[in-house]
Amino acid sequence: MERTWIVGMVALAGVVIAATAFFLLRTTGTDHDLRRVIAEQDLLPIEAVDHPDALVGLGRALFFDPILSGNRDISCATCHHPSQATGDGLAVSIGTGGAGIGPNRVLGHDRELVPRNATEIFNRGASEWATMFWDGRVRLSRRGELLTPAFIGLGVDLLPPALDSVLAAQAMFPVTSETEMRGSPDQDPASNEVAGFDDREDFPAIWDALTARLMAIDGYVAGFAAAFPEVPADDIGFEHAALAIAAFEAEAYTFTESPWDRYLRGDDTAMTEDAKQGALVFFGVGGCGECHTGRLLTDQRFHVRAVPQIGPGKEPHQPRDFGRAGAGGGAETQYAFRTPPLRNVTLTGPWTHAGVYDDLEDVVRHSLDPTAALISYDPAGLSPEVAAVTLETFDGVRGAILTYLERRPIDPITLTDAQVDLIMAFLESLTDPAAADLMHTIPDSVPSGLPIDR
Ligand code: HEC
Ligand code: HEC
């Protein structure tokens, strides 16, 4: 009796020791491999940012204040809302004239949908950013000059010089877009004094009119004076508003504590074993790291990923979106879009430039064989508003993309279901738990006194 008991205990101890050793070896093996990939591919964590309080406070007010829209009915936050992980939860956005926030937002009477999915705006204060928008129409040139739609040719650049980053330059443009914030002279009352300007040559007129609105409000006069003590009130322009908005976006929506970021800073225990193995698939056989790379998990370049196109499209009179080519990228960049950065990606659906997927695993499966995914995509589940401008032309646009892909095929990648699960675990490790609740970034009120989207 006693002997059997001892033999049993010894055998059990042996099993436990062997299992622990196996587990440790497997984990240290994974860490060893992953740390090598991280070093080779120069993968880095997100860093904290720090901007002056007065600038951030002014930026917060402006970001949430509908005063920046022609009809005083929509703010930046309507489409980049704290309740929607800095996006709007819609496939493609709904601008001025619409009502509500999040997936239930509805289009105003006779208004058009915005052609693209609202990007999340996490970590956009990082100094590596050199491109903004799905088509990179705001970007830094190799010589470090800001190139934007305000460069109207013949050497004329209407962009004010004070802007110091692509993020600040970006904030100059939503207010000029007729469908997003400005409104239209045909639909809107005379009280909308910015609707009548032309959105190309008249950029400065739009910016000046909005600045005049702001400087007629005591709270903003004080806010600009505190944020820009060296600039006299008469010299405040919309670029100062844009600088403040950029400071707020960076300060409020930079998150440095995802498991992946903690792991990158040296904490081996920050990620689960599955997430680590998923990272090895992602940066290895999955091929994802060819584009989703570096500190921001984007090469900031433009690639054709055969994403189905829904919504009104960007081209005049054509329900399609040429992506980078539509913003001056040349014919070889047709249907190419900027690689998205993936931090907090589990929170930021629907995904892709047209918001066609609401299930993240579908995006991963699409990424493995983009052409097959385009062929099998079924537009049946679209919202009525999107379906109305999509269904009739969908097959024609899909055919055009497929024809384009015949000349430039995308090689499919085959992974097992288990490997796809591991990639999903890695994508989950890119989410900072603090990014899941952003409601504290909403101010109690804004200087215009207009209602805030909550
Ligand atoms: C009607 C909805 C809407 C409003 C209002 C809006 N945006 Fe956006 N935002 C979008 C959409 C859609 C995109 C992507 C457009 C594209 O790529 O062509 C975008 C893109 C961006 C980006 C680019 C991020 C990147 O990395 O490419 C930033 C930053 C941003 N918006 C900030 C703002 C700010 C600041 C305001 C207010 C001044 C604002 N947005 C107002 C819908 C909106
Ligand atoms: C050749 C470059 C490239 C490769 C390889 C690649 N991606 Fe992407 N990825 C992109 C681009 C570009 C987009 C945006 C495409 C669009 O919307 O038209 C994108 C979109 C995404 C999105 C949606 C993100 C969002 O915010 O909407 C996810 C998730 C994603 N990719 C994951 C992956 C995974 C996982 C892999 C590997 C299996 C992968 N990607 C491989 C370039 C690439």
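For ligands, and for the atoms within them, numbers begin at 1 and follow the listed sequence. As the structure is a prediction and not an experimental result, all values here were calculated from the model.
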- Item | ligand 2-proximal atoms of V307, by part, heavy-atom distance under 4.0 Å | side chain

- Of all heavy-atom pairs between A250 and G125, which one has the smallest distance, and what is that distance? CB-CA, 3.6 Å

- Message: With a cutoff of 4.0 Å, is I245 in contact with ligand 1, counting heavy atoms of the residue only?
- Response: yes

- Query: Relative to each other, are the rings of Y220 and F224 parallel, tilted or perpendicular (30° and 60° limits)?
  - Reply: tilted

- Task: Under 4.0 Å from a heavy atom of R338: give me the atoms of ligand 1 that qualify, with their elements.
- Result: 25 (C), 26 (O), 27 (O)

- Distance filter under 4.0 Å to T352 heavy atoms, resulting ligand 2 atoms: 17 (O), 25 (C), 27 (O)

- Heavy-atom nearest neighbour in the protein, as seen from atom 14 (C) of ligand 1, with distance rounded to 0.1 Å: N117 O, 3.6 Å

- Message: For atom 17 (O) of ligand 2, what's the nearest protein heavy-atom neighbour? Residue, atom name and distance, please.
- Response: H353 N, 2.7 Å

- I94 versus C79, closest heavy-atom pair with distance: O-SG, 4.1 Å

- Hey, which protein N/O/S atoms does atom 8 (Fe) of ligand 2 have under 2.8 Å? H292 NE2

- Task: Number the atoms of ligand 1 from 1 as they appear, then name those within less than 4.0 Å of a heavy atom of S75, with their elements.
- Result: 5 (C)

- Would you kindly check if the NZ (Lys) or CZ (Arg) of R137 is within the cone defined by 45 degrees around the ring axis of F133 and under 6.0 Å from the six-membered ring centre? yes

- Query: How are the rings of F282 and H292 set to each other: parallel, tilted or perpendicular (split at 30° and 60°)?
  - Reply: tilted

- Message: So which atom in F283 and which in Q41 form the shortest heavy-atom distance, rounded to 0.1 Å?
- Response: O-NE2, 3.4 Å

- Task: Tell me which protein heavy atom sits closest to atom 27 (O) of ligand 1, plus the residue, atom name and distance to 0.1 Å.
- Result: F133 N, 2.5 Å

- Which atom of A242 lies closest to which atom of A168, heavy atoms considered: CB-O, 3.4 Å

- Task: List every atom of ligand 1 that sits less than 4.0 Å from any heavy atom of L167, numbering the atoms from 1 in the order shown and giving each element.
- Result: 29 (C)

- Task: Can you see which heavy atom on L427 is nearest to which on L360, and at what distance?
- Result: CD1-CD2, 4.0 Å

- Message: For atom 25 (C) of ligand 2, what's the nearest protein heavy-atom neighbour? Residue, atom name and distance, please.
- Response: W351 CD1, 3.5 Å

- Note on the structure: ligand 2 to L368, heavy atom cutoff 4.0 Å, flagged ligand atoms 38 (C)

- Message: With a 4.0 Å cut-off on heavy atoms, is L360 in contact with ligand 2?
- Response: yes

- Side chain, backbone, both or neither: V92 near ligand 1, heavy atoms under 4.0 Å: neither

- Does the pair Y263 and S258 meet the rule for a side chain to side chain donor-acceptor pair (under 3.5 Å), with working shown? CA-CA 9 Å; Y263 188 85; S258 76; over 6 Å; no

- For ligand 1, which atoms sit closer than 4.0 Å to a heavy atom of R124? 24 (C), 25 (C), 26 (O)

- Protein contact to atom 35 (C) of ligand 1 [nearest heavy atom, distance to 0.1 Å]: E249 OE2, 3.3 Å

- Can you say whether the rings of F394 and Y377 are parallel (under 30°), tilted (30 to 60°) or perpendicular (over 60°)? tilted

- Query: Are any of the side-chain nitrogens in E249 or R124 under 4.0 Å away from the carboxylate oxygens of its partner?
  - Reply: no

- Task: Please test N71 against T96 for side chain to side chain donor-acceptor pair (under 3.5 Å), starting from the C-alpha separation and ending with a verdict.
- Result: CA-CA 7 Å; N71 296 316; T96 185; 3.0 Å; yes

- Query: What is the nearest protein non-hydrogen atom to atom 5 (C) of ligand 2, stated with its residue, atom name and distance?
  - Reply: G287 O, 3.4 Å

- Looking only at non-hydrogen atoms, find the nearest pair between T352 and Y357 and report the distance. CG2-CD1, 4.0 Å

- Query: What is the ring orientation for F248 with Y253, classed by angle as parallel under 30°, tilted 30 to 60°, or perpendicular over 60°?
  - Reply: perpendicular

- Among all protein heavy atoms, pick the one closest to atom 12 (C) of ligand 1 and tell me residue, atom and distance. R116 O, 3.3 Å

- Once the angle between the rings of H240 and F228 is folded into 0 to 90°, is it parallel (under 30°), tilted (30 to 60°) or perpendicular (over 60°)? perpendicular

- From K314, Q309, Q334, R116, residue fulfilling side chain to side chain donor-acceptor pair (under 3.5 Å) relative to D321: R116

- Item | G286 neighbourhood, listing ligand 2 atoms whose heavy-atom distance to it stays under 4.0 Å | 37 (C), 38 (C)

- Item | Distance below 2.8 Å from atom 8 (Fe) of ligand 1: protein N/O/S atoms | H80 NE2

- D188 and R111 ion-paired at < 4.0 Å: yes

- Message: Quiz question: by atom type and distance under 3.5 Å, do the side chains of T30 and E273 form a donor-acceptor pair?
- Response: yes

